[in-house]
Trainee: 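Handing you a structure now.
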Amino acid sequence: AKLHDAELQQSQQQKVLAESQLRILQSQIEPHFLFNTLANLKALIRTDPLLAEQLLDNFSELLRSSLSKSRATRVSLSDEINSLRAYLAIQQIRLGDRLDFEIDLADELSELTQLPPFLIQPLVENAVFHGIEPSPEGGRVKLTFEVVDQAWIICVIDDGIGLQMDGNSPGPTGHGVALNNIRERLAALFP
């Protein structure tokens, strides 16, 4: 009976993981982000070809990384950071001087360390979409990766307008979908 219960629990965890990963993969390249990037690229080709080339390089890196990560159960921290850097560079070109970003990796973390793919990107997307983009002044997104007492601490911090959960504030509202997906994935991967 205990073996059967354990197998059933493992099966349920695998199902939740598969469903969660599918939702995350489907949301990785939102159509509006894709079309905005292509529209920006078209405009930049005429006005600033060198910046258009940078945008295209970052967009190609993001697509290449997303496709390879969609087939993996684990990716290196280096690959994840490169993906995040490409995404933020695209947003920085789009938002101009309204977006600044920094990625800080603690010395004790190896860039070869493995983690589940697409774990951090939804948080970075939320920081840009809910924090920086609606603020007329823009802001800064800072990512930090460190280890404290053998636990990973990954922070995504923005100093923009902020996510409003109540719907009564001037900033954009959030529904917590990205956070719930991340919690489900982590619970399924690391019960």
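In what follows, every heavy atom counts, from backbone to side chain, and hydrogens, waters and symmetry copies are set aside. For the single chain, residues carry numbers from 1 onward in sequence order.
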Trainee: Partners of Asp48 by salt bridge (Lys or Arg N to Asp or Glu O under 4.0 Å), sequence neighbours excluded?
Mentor: none

Trainee: Indicate yes or no: at least one non-hydrogen side-chain atom of Ser60 is less than 4.5 angstrom from one of Arg64.
Mentor: yes

Trainee: I need the single residue from Leu41, Ile93, Leu34, Asn40 that forms a side-chain contact (heavy atoms from CB on, under 4.5 Å) with Phe59. Which is it?
Mentor: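 Of the listed options, the one satisfying the test is Leu34.
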
Trainee: Of all residues at least two apart in sequence or in a different chain, which pass the side-chain contact (heavy atoms from CB on, under 4.5 Å) check with Ala89?
Mentor: Asn58

Trainee: Please tell me if the side chains of Leu119 and Leu186 come closer than 4.5 Å, counting only heavy atoms from C-beta onward.
Mentor: yes

Trainee: Within a reach of under 6.0 Å around CG of Asp97, are more than 12 heavy atoms found that belong to other residues, nucleotides or ligands?
Mentor: no

Trainee: Could you report the tightest heavy-atom contact between Ser66 and Phe118, atom names first, then the distance?
Mentor: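 Closest approach of Ser66 to Phe118, heavy atoms only: O-CZ, 3.4 Å.
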
Trainee: So which heavy atom on Ala127 is nearest to which on Val141, and how close?
Mentor: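 Nearest heavy atoms, Ala127 then Val141: CB-CG2, 4.1 Å.
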
Trainee: Between Asp159 and Ile132, does a side-chain contact (heavy atoms from CB on, under 4.5 Å) hold up when you go through it step by step?
Mentor: CA-CA 7 Å; Asp159 62 2; Ile132 306 304; 4.2 Å; yes

Trainee: Hey, could you give me the CG/OG distance between Leu109 and Ser78, rounded to the nearest 0.5 Å?
Mentor: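 Atom-to-atom, Leu109:CG and Ser78:OG are 12.0 Å apart.
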
Trainee: Got a second to check how far Ile45's CD1 is from Glu53's CD, nearest 0.5 Å?
Mentor: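 Those atoms lie 10.5 Å apart.
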
Trainee: Hey, could you give me each pair passing ring pair (Phe, Tyr, Trp, His ring centres under 6.0 Å) that has a residue in residues 84-113? Not counting sequence neighbours.
Mentor: Phe33-Tyr87

Trainee: Nearest 0.5 Å, what's the CD1-OG1 distance between Ile90 and Thr37?
Mentor: 5.5 Å

Trainee: List the steps, then state whether side-chain contact (heavy atoms from CB on, under 4.5 Å) holds for Ile161 with His130.
Mentor: CA-CA 7 Å; Ile161 197 166; His130 295 290; over 6 Å; no

Trainee: Could you work out the complete set of other residues in the hydrophobic cluster of Leu67, with links drawn between I, L, V, M, F, W and Y side chains under 4.5 Å apart?
Mentor: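 ILVMFWY cluster around Leu67 holds nothing else.
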
Trainee: Distance-only, no hydrogens or angles: does the Ser65 side chain make a donor-acceptor pair with backbone N or O of Leu62 under 3.5 Å?
Mentor: no

Trainee: For Ile154, give me all partners under side-chain contact (heavy atoms from CB on, under 4.5 Å), at least two apart in sequence or on another chain.
Mentor: Ile120, Phe145, Trp152

Trainee: Just do the side-chain contact (heavy atoms from CB on, under 4.5 Å) check on Leu143 and Leu88 with the steps written out, would you?
Mentor: CA-CA 11 Å; Leu143 283 75; Leu88 286 166; 4.0 Å; yes

Trainee: Sorted by first residue and then second, give each salt bridge (Lys or Arg N to Asp or Glu O under 4.0 Å) pair with at least one member in residues 72-82; sequence neighbours left out.
Mentor: Lys69-Glu80

Trainee: Does Asp107 CG have over 12 foreign heavy atoms under 6.0 Å away?
Mentor: no

Trainee: Report whether Leu99 and Ile157 are members of the same hydrophobic cluster (ILVMFWY, side-chain heavy atoms less than 4.5 Å apart, transitive linking).
Mentor: no

Trainee: With side chain to side chain donor-acceptor pair (under 3.5 Å) as the rule and sequence neighbours excluded, what pairs involving residues 131-151 come up?
Mentor: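 Found Arg94-Glu133, Asp100-Arg140, Glu102-Arg140, Ser135-Glu137.
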
Trainee: Nearest 0.5 Å, please: how far is CG in Leu84 from CG in Leu77?
Mentor: 9.0 Å

Trainee: Check for me, please, whether Ile153 and Leu179 land in the same ILVMFWY cluster - side-chain distances under 4.5 Å, paths through other members count.
Mentor: no

